[in-house]
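Note that the structure is predicted; figures quoted are calculated from it, not measured. The figures here come from the full heavy-atom set of this structure, side chains too, leaving out hydrogens, waters and symmetry mates.
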Amino acid sequence: MKEIYKLIDVSYRYPNGVLALDNVNLSVYKNEIVAILGPNGAGKTTLLKILDGLVFPDKGEVYFEGRRLTDEILTNKELIMEFRRKVGFVFQNPDVMLFNPTVWDEVAFSPLHLYSKEKALEVTDKVLEDMKIYHLKDRHPYNLSGGEKKKVSISCILSVEPEVILMDEPTSALDPKSRIEVIKLIKSFKENGKTVILITHDVNITSLADRCYVLNKKIIFEGTPKELFSLDLDKLNLDVPDVSKLFIRLRNMGYNVGDIPLTINEAVDLLLKMLKN
């Protein structure tokens, strides 16, 4: 399996001297969804910025597709263009990414700098249609709902056809309908061969992931979502979904529940199985 990212003993301190990351080691492989969880102040967003080449570690090494990322390499116009084409970063707050007068201008901004005008127009219209926001193309981004803004910010990234998508709290501050739509989008990214690295407080969406890391300045857990849910999530300062709390309690009462379910559908299947037995 092709290794997209490899981090070796990565440490980082904020300018005020506070330690953000301490000897972090992790790998991400092609066409994976990797979820990074942890409490506030754990260094999650800093880690994502390092993966995007926005900041560089004080210690350790970061490799992208086998090439070490350094500030010297990313000042090379050809190399930085290649990297930015391959990696897209969706910020937690979409307002950070929106600065043009209309939605269409936002989504077209990068394609017009990367492609011919004809291709840029074609790509922009296609992304707007695929994201079901074409009807918003003439609206000012700041006159949109939170969910619509999130879709526009994701569209801006998709318009450059990246291979890797970094997402910081993709479902935060969204209403239930918008949250479901973003989750479906993340699933579609994997189906289309993309690699997704997402940071979240929302333990519920870790069911999307192939692998999870729990970060609290250091990596304190690596494994599958099912392995994660077998741990004491309260001790890891992670919220536990209600459906999982139910089965954890049943297990503690002596019932053989097997793997803790991650979704309602899994919970229903497990309950039916338990009732038959």
Side-chain angles (χ1 to χ4, degrees), residues 1-30 32-97 153 157 160 162-170 172 194-202 206 209-223 228 231 235-238:
M1 191 181 297
K2 181 179 179 181
E3 191 172 55
I4 301 297
Y5 279 105
K6 186 176 184 65
L7 274 63
I8 303 173
D9 297 330
V10 165
S11 296
Y12 181 83
R13 287 186 182 273
Y14 297 122
N16 62 5
V18 173
L19 182 67
L21 298 171
D22 184 15
N23 289 316
V24 170
N25 293 274
L26 63 80
S27 294
V28 177
Y29 299 94
K30 184 175 176 61
E32 275 194 312
I33 297 178
V34 174
I36 301 173
L37 303 96
N40 287 333
K44 302 186 300 297
T45 297
T46 299
L47 177 60
L48 215 59
K49 289 179 178 178
I50 286 174
L51 295 176
D52 196 46
L54 297 177
V55 297
F56 294 90
D58 302 319
K59 173 180 168 290
E61 300 173 352
V62 181
Y63 293 88
F64 177 76
E65 295 185 335
R67 173 181 286 165
R68 186 175 179 186
L69 289 182
T70 65
D71 49 359
E72 289 83 8
I73 285 178
L74 292 183
T75 55
N76 180 298
K77 185 176 180 181
E78 183 178 335
L79 292 177
I80 188 63
M81 183 70 75
E82 178 187 359
F83 181 73
R84 294 296 174 216
R85 281 282 300 276
K86 289 185 175 182
V87 180
F89 190 164
V90 180
F91 288 82
Q92 178 178 357
N93 180 1
D95 289 344
V96 173
M97 302 176 63
S153 65
I157 298 304
V160 299
E163 298 173 15
V164 180
I165 301 176
L166 311 175
M167 308 186 81
D168 191 355
E169 299 287 359
S172 67
K194 299 185 186 300
T195 303
V196 182
I197 306 170
L198 59 90
I199 281 174
T200 183
H201 283 97
D202 186 353
T206 58
D210 298 290
R211 291 188 301 121
C212 303
Y213 287 96
V214 178
L215 177 70
N216 195 353
K217 302 189 187 301
K218 296 182 177 182
I219 298 293
I220 57 177
F221 170 82
E222 174 189 356
L228 172 65
L231 304 178
K235 287 185 177 179
L236 294 175
N237 292 319
L238 296 175

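Within the model, atoms OG of S153 and CD of Q92 stand 11.0 Å from one another, a figure rounded to the nearest 0.5 Å. Going from atom CG of L69 over to atom NZ of K6 covers 14.0 Å, rounded to the nearest 0.5 Å. Between the OG1 atom of T75 and the CD1 atom of I80 there is a distance of 8.5 Å, given to the nearest 0.5 Å. Distance CG/N93 to CD/E169: 12.0 Å, rounded to 0.5 Å. Annotation: the span from Y12 atom OH to L19 atom CG amounts to 11.5 Å, rounded to 0.5 Å. Between I33 atom CD1 and T206 atom OG1 the span is 11.5 Å, to the nearest 0.5 Å.
Heavy-atom contacts from other residues, nucleotides or ligands closer than 6.0 Å to NZ of K86 number more than 12.
Remark: the backbone N or O of L26 is not paired with any side-chain donor or acceptor of Y213 at under 3.5 angstrom. A distance-only check finds a donor-acceptor pair linking the side chain of K44 to the backbone of P39 [under 3.5 Å]. With D22 contributing its side chain and S11 its backbone, the two residues share no donor-acceptor pair below 3.5 Å. Of the possible polar contacts, one joining the K194 side chain to the P162 backbone as a donor-acceptor pair under 3.5 Å is found. Using modelled atom types, no side-chain atom of D210 and backbone atom of E32 make a donor-acceptor pair closer than 3.5 Å.
Counting all heavy atoms, side chain and backbone alike, A42 lies closest to L215 at CB-O, 3.1 Å. Contact record, A20 with Y14: CB-CZ, 3.4 Å, taken as the closest heavy-atom pair. Across all their heavy atoms, I199 and T45 have their closest contact at CD1-N, 3.6 Å.
Contact check on D52 versus R84 returns a salt bridge, with a Lys/Arg side-chain nitrogen under 4.0 Å from an Asp/Glu carboxylate oxygen. Salt-bridge formation is detected for the pair E65/K2: a Lys NZ or Arg NE/NH1/NH2 atom is positioned less than 4.0 Å from an Asp or Glu carboxylate oxygen.
Screening I50, V87, V34 for a side chain to side chain contact (heavy atoms under 4.5 Å, CB included) with Y5, the sole residue that qualifies is V87.
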Go through it in stages, so that I can follow the logic: the residues are N23 and K218, the test is side chain to side chain contact (heavy atoms under 4.5 Å, CB included), and I'd like the CA-CA distance, side-chain angles, deciding distance and then a yes or no.
CA-CA 6 Å; N23 289 316; K218 296 182 177 182; 5.7 Å; no
Which is it for E163 and I4 under the side chain to side chain contact (heavy atoms under 4.5 Å, CB included) test, yes or no, and what are the steps along the way?
CA-CA 10 Å; E163 298 173 15; I4 301 297; 5.9 Å; no
L7 vs N25, side chain to side chain contact (heavy atoms under 4.5 Å, CB included): CA-CA, chis, key distance, verdict:
CA-CA 5 Å; L7 274 63; N25 293 274; 5.9 Å; no
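Judged as a salt bridge (Lys or Arg N to Asp or Glu O under 4.0 Å), and not counting sequence neighbours, K77 has no contacts.
Note: F89 and F91 have parallel aromatic rings, judged against thresholds of 30 and 60 degrees for the angle between ring planes.
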